[in-house]
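First up is the structure itself, then whatever we jot down about it.
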Amino acid sequence: QVQLVESGGGSVQTGGSLRLSCVVSPYTYDTWMGWFRQAPGKEREGVATIYSGLGATFYTDSVKGRFTITHDSARSAIYLQMNRLKPDDTAVYYCAAAPPGTYEQKRLLEPDIYNSWGQGTQVTVSS
C-alpha cells in the first residue's frame, strides 16, 4: 500500500503563493500522481496530475498558468507550486497515486482512478 503525506498548507492573502509537498512511500514509477482539492459542500476535484515516469502533466482549467506540479524521485515527492492564489482556491488539498496502468486522458483528473490518498492539508486564501 502506498502512503502519502502532505505538508505546506496554510493561510495567505489573494495573490499570494504556497508550495505543497507530498512524500510518497514507496515512490511509484510509471504511474500518475495528482493533487486534488475539496471545498466545504463541494465534491473533490482534480487540480493537477503528473506521470512519475516521463513527467507529463495535466491541469484543470481554473489553475492553468498559476499552479505547477512537479516530481522529484530522489526525494520520493511530488509538489504543487501555487501562485496568484484566489479565494476560490480555498480547500483541503490531497495528493493521491493511481495504480500503474493505462488511463484515458479525459479521466486523469477523476478521483476514482486514484486508490492511495494522503490525509489532506488546508489551504485558505483570504480576500
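All values below were derived from every heavy atom in this structure, side-chain atoms included, with hydrogens, water molecules and symmetry-related copies excluded.
In terms of heavy-atom proximity, G9 sits nearest to V123 at CA-CG2, 4.2 Å. Closest non-hydrogen pair, G65 versus R84, comes out as O-NH2, 2.6 Å. The minimum heavy-atom distance between A96 and F36, with the atom names listed, is CB-CE1, 4.0 Å. For the residue pair D89 and Y93, the shortest heavy atom distance occurs at O-OH, 2.6 Å. When all heavy atoms are compared, the tightest approach of Q1 to S116 is NE2-OG, 3.6 Å. Of all heavy-atom pairs between S73 and Y27, the closest is CB-CE2, 3.6 Å.
Checked against the 6.0 Å centroid threshold, W35 and F67 do not count as a close aromatic pair.
With sequence neighbours excluded, the residues satisfying side-chain hydrogen bond (donor to acceptor under 3.5 Å, both in side chains) with D112 are R107. By the side-chain hydrogen bond (donor to acceptor under 3.5 Å, both in side chains) test, T60 is found to be paired with no residue, residues two or more places apart in sequence or in another chain being considered.
Rounded to the nearest 0.5 Å, atoms OG (S127) and NZ (K86) are 14.0 Å apart. A distance of 13.5 Å separates NZ in K106 from CZ in F58, rounded to the nearest 0.5 Å.
Residue Y79 is not grouped with residue L4 when hydrophobic side chains (ILVMFWY) are merged at heavy-atom distances under 4.5 angstrom, including chains of intermediate members. A chain of hydrophobic side-chain contacts below 4.5 Å, direct or via other Ile, Leu, Val, Met, Phe, Trp or Tyr residues, connects L80 to V63. When hydrophobic clusters are built by joining Ile, Leu, Val, Met, Phe, Trp and Tyr residues whose side-chain heavy atoms come closer than 4.5 Å, directly or via intermediates, I78 is grouped together with V2. The hydrophobic clustering, which links ILVMFWY residues whose side-chain heavy atoms are closer than 4.5 Å, places I50 and M82 together.
Side-chain contact between E110 and Y103 is absent, with no heavy-atom pair separated by less than 4.5 Å. Residues L20 and E6 form no side-chain contact, since every pair of their non-hydrogen atoms from C-beta on lies 4.5 Å or further apart. Inter-residue side-chain proximity for C95 and M33 is flagged as unmet; no heavy-atom pair is nearer than 4.5 Å. Using a 4.5 Å heavy-atom threshold, the side chains of P100 and D30 count as separate. Side-chain contact between T14 and P87 is present, with heavy atoms from C-beta onward closer than 4.5 Å.
When atom types are taken as modelled, the side chain of T90 and the backbone of V125 share a donor-acceptor pair closer than 3.5 angstrom. A donor-acceptor pair is defined here as one N or O able to donate and one able to accept, closer than 3.5 Å; no such pair exists between the side chain of E45 and the backbone of R37. Listed for the Q38 side chain is no donor-acceptor partner under 3.5 Å among the backbone atoms of A91. Checked by atom type and distance alone, the side chain of S21 never pairs as donor or acceptor with a backbone atom of S7 at under 3.5 Å. Side-chain atoms of Y114 come within 3.5 Å of backbone atoms of L108 as a donor-acceptor pair (strictly under, hydrogens ignored).
In this structure, Q3 places its CD atom where only 12 or fewer heavy-atom neighbours from other residues, nucleotides or ligands lie under 6.0 Å away. When the shell of 6.0 Å around CD of Q119 is examined, it contains more than 12 heavy atoms from other residues, nucleotides or ligands.
Tested against Y59 for a side-chain contact (heavy atoms from CB on, under 4.5 Å), the candidates V47, T49, T68 yield a single pass: T68.
Between D61 and K64 there is a salt bridge, since at least one side-chain N of the basic residue sits less than 4.0 Å from a carboxylate O of the acidic one.
Ring pair Y51/W32 is tilted by interplanar angle, where 30° to 60° counts as tilted.
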